[in-house]
Amino acid sequence: MNVYPIKTEANSSQQLGQPVGVTLDRFIKRKEGEFPYASGELSQLLRDIALAAKIVHKEISRSGLLGIEGAFGRENVQGESQQKLDVIANIRFTRAFRNGGEVCAMISEEDELLIPMNQDASYIVAIDPLDGSSNIDANVSIGTIFSIYRRKSRRGTKVKNEDLLQAGSEQVAAGYVLYGSSTMLVYTTGCGVNGFTYEPSLGEFFLSHPDIKTPKDGKLYSINEGNYHQFDRGIQEYIKFCYRREMSSRYIGSLVADFHRNLLKGGVYLYPPTRTNPDGKLRLIYECNALAFIVEQAGGQATDGKRRILDLQPNCLHERTPLFIGSELLVNALKNCLITDLRPTGS
Ligand code: AHM
Ligand code: MG
């Protein structure tokens, strides 16, 4: 037995609270080097996202002082009230992609139609620039969610439906930024999931959560239980299952924050169909697909109750889907409860 702890470089740097030391930039470069034919365009696109995230981080952290909290006074295509920060974040990401030149079209929660960009570029980005925006005024965690697809049509031509309406399984990269007690960027390119924490005084994201794996089982369930009487019986049975297992209910109402906590600690997030949202509330292309890709890469599961989220074929840009996502055993238990169809009881 080692009675006297030996001072190593690793444990002394932990004691001093130093960052892990690998910047996002360096990490992206390293990963690119592992693919001999990589052109560097995807790497540049990831850097563009990180840059816009830093700017949005800055705007959010000062929003109370700048008077940019609250409603913008307009509704988006979903009929939801847009917040000023929704609009600001959308502008920041749009600009980053336009200036970067790696994106041929962008799909955003805040824009009804696709935004055409550089026709000669290879990538489509689908993004929710600021999710959970109804929480902004209360200084609660919010996030950005993004998916990246390679176009199917030839470069230099107009983007087509086949480019925009790809199943989630076609994503080449996906991630989210969580503006929480610290700002984090978590992403995958299909080779595991890595998380980076932002150090504002240095203006850099540092690798803080390498190769994230989600627990197989968990103690947390996240659902808006105020809608209980609108849920299908299968969902109500599942909630009772969570009670019987004495699980803890944790619901922030910001998808990225709820998802991130469950990813690290083990748990399940549910947004089932309700009377007001018979197809569920969340959007397939720019909310669910990215998180489904990440959760699978981390060892978890995502389903709409019947099918794997990543296998769903979208029919329109703003399509909604029920979402059940999280630890493998918890999602399996949910599937067992959903023996009836997913229509809400009151419909
Ligand atoms: P938004 O894109 O308009 O912000 O809506 C999505 C948000 C999610 O972040 C969150 O999980 C969910 O809506 C909360 O919905 P509810 O308030 O119905 O529980
Ligand atoms: Mg959203």
Side-chain angles (χ1 to χ4, degrees), residues 53 56 60 63 69-90 92-93 106-112 125-147 168 174-180 186 220-231 235 239 249-263 267-292 294-295 302 304 309 314 317-326 344 346:
V56 172
I60 290 171
S63 58
E69 288 176 311
F72 183 60
R74 220 173 55 187
E75 288 186 346
N76 65 14
V77 60
Q78 349 275 330
E80 294 157 352
S81 152
Q82 273 184 318
Q83 304 295 303
K84 288 181 199 159
L85 274 170
D86 279 329
V87 177
I88 290 171
N90 197 35
R92 294 302 184 188
F93 280 99
M106 166 179 163
I107 302 164
S108 166
E109 176 174 337
E110 302 307 328
D111 294 292
E112 180 175 1
V125 175
I127 189 162
D128 183 349
L130 209 52
D131 184 68
S133 50
S134 63
N135 275 323
I136 289 173
D137 287 355
N139 203 6
V140 175
S141 301
I142 43 185
T144 297
I145 309 172
F146 62 89
S147 288
Y176 57 83
V177 184
L178 171 60
Y179 310 96
V186 176
L220 305 176
Y221 74 103
S222 309
I223 186 168
N224 186 342
E225 269 187 85
N227 295 328
Y228 184 87
H229 293 294
Q230 297 186 42
F231 295 149
I235 301 294
I239 293 174
S249 166
R250 291 283 183 276
Y251 190 71
I252 297 169
S254 280
L255 177 59
V256 173
D258 281 311
F259 175 81
H260 181 73
R261 183 202 51 236
N262 293 356
L263 182 75
V268 62
Y269 173 98
L270 309 96
Y271 211 110
T274 60
R275 216 171 13 252
T276 25
N277 289 302
D279 298 318
K281 179 182 178 192
L282 302 171
R283 274 55 53 117
L284 174 62
I285 295 189
Y286 44 79
E287 290 177 327
C288 302
N289 274 341
L291 302 187
I294 289 173
V295 89
D304 71 347
I309 290 288
L317 298 185
H318 299 283
E319 185 167 325
R320 294 174 195 263
T321 176
L323 177 68
F324 309 107
I325 187 164

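Any value given below was found using the heavy atoms of this structure, including those in side chains, with hydrogens, waters and symmetry copies removed. Remember, it's 1-based here, ligands and their atoms both numbered in the order they're listed.
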Task: Residues forming a ring-ring contact (aromatic ring centres under 6.0 Å, His included) with Tyr176, sequence neighbours excluded - done: Phe259, His260
Task: Donor + acceptor pair across side chains of Thr274, Asn227 (<3.5 Å) - done: no
- [ ] Quickly, which of Ile107, Ile145, Leu317 forms a side chain to side chain contact (heavy atoms under 4.5 Å, CB included) with Tyr286? Name it, please.
- [x] Ile107
- [ ] Please check if the side chain of Asn224 supplies one atom and the backbone of Gly226 the other of a donor-acceptor pair under 3.5 Å.
- [x] yes
Task: Which of the ligand 1 atoms, numbered from 1, are nearer than 4.0 Å to a heavy atom of Leu255 - done: 8 (C), 9 (O), 10 (C), 11 (O)
- [ ] Please work out which of Phe259, Tyr271, Tyr286 has its closest non-hydrogen atom nearest to atom 18 (O) of ligand 1.
- [x] Tyr271
- [ ] Flag Gly132 as yes when one of its N or O atoms lies below 3.5 Å from any N or O atom of ligand 1, and as no otherwise.
- [x] yes
Open item on the list: At less than 4.0 angstrom from any non-hydrogen atom of Tyr251, what atoms of ligand 1 do you find?
Closed with: 11 (O), 12 (C), 14 (C), 15 (O), 16 (P), 19 (O)
Open item on the list: Need the ligand 1 atom indices (1-based, order shown) with element for anything under 4.0 Å from a heavy-atom of Glu287.
Closed with: 2 (O), 6 (C)
TODO: Report yes or no: do Ser222 and Asn262 form a side-chain donor-acceptor pair below 3.5 Å?
DONE: yes
Task: Single hit among Val295, Leu284, Ile325 for side chain to side chain contact (heavy atoms under 4.5 Å, CB included) with Ile309 - done: Leu284
Task: Donor on one side chain, acceptor on other, Tyr179 and Thr144, under 3.5 Å - done: yes
Open item on the list: Is it the case that the side chain of Asp258 and the backbone of Ile252 share a donor-acceptor pair, with hydrogens and angles ignored and the cut-off at 3.5 Å?
Closed with: yes
- [ ] Could you give me the CA-CA distance, side-chain angles and deciding distance for Asn90 and Ser108, then say whether side-chain hydrogen bond (donor to acceptor under 3.5 Å, both in side chains) is met?
- [x] CA-CA 8 Å; Asn90 197 35; Ser108 166; 2.9 Å; yes
Open item on the list: Suppose I only count heavy atoms of Asn224 and a 4.0 Å limit; which atoms of ligand 1 are within that range?
Closed with: 16 (P), 18 (O), 19 (O)
Open item on the list: Within the structure, is a non-hydrogen atom of Asp131 found at a distance of less than 4.0 Å from ligand 1?
Closed with: yes
Open item on the list: Could you tell me, atom by atom, which parts of ligand 1 come under 4.0 Å of a heavy atom of Asp128?
Closed with: 2 (O)
Open item on the list: Under 4.0 Å between a side-chain nitrogen and a carboxylate oxygen: does that hold for Arg283 and Glu319?
Closed with: no
Task: Exam field: side chain Ser254 to backbone Ser141, donor-acceptor pair closer than 3.5 Å - done: yes
TODO: State the atoms of ligand 1, each with its element, that fall below the 4.0 Å cut-off from a heavy-atom position in Glu109.
DONE: 1 (P), 2 (O), 3 (O)
TODO: Output, by chain and residue number, all protein N/O/S atoms separated from the Mg ion (ligand 2) by less than 2.8 Å.
DONE: Glu109 OE1, Asp128 OD2, Asp131 OD1, Glu287 OE2
Task: For Ser254, the ligand 1 atoms whose distance to one of its heavy atoms is below 4.0 Å - done: 9 (O)
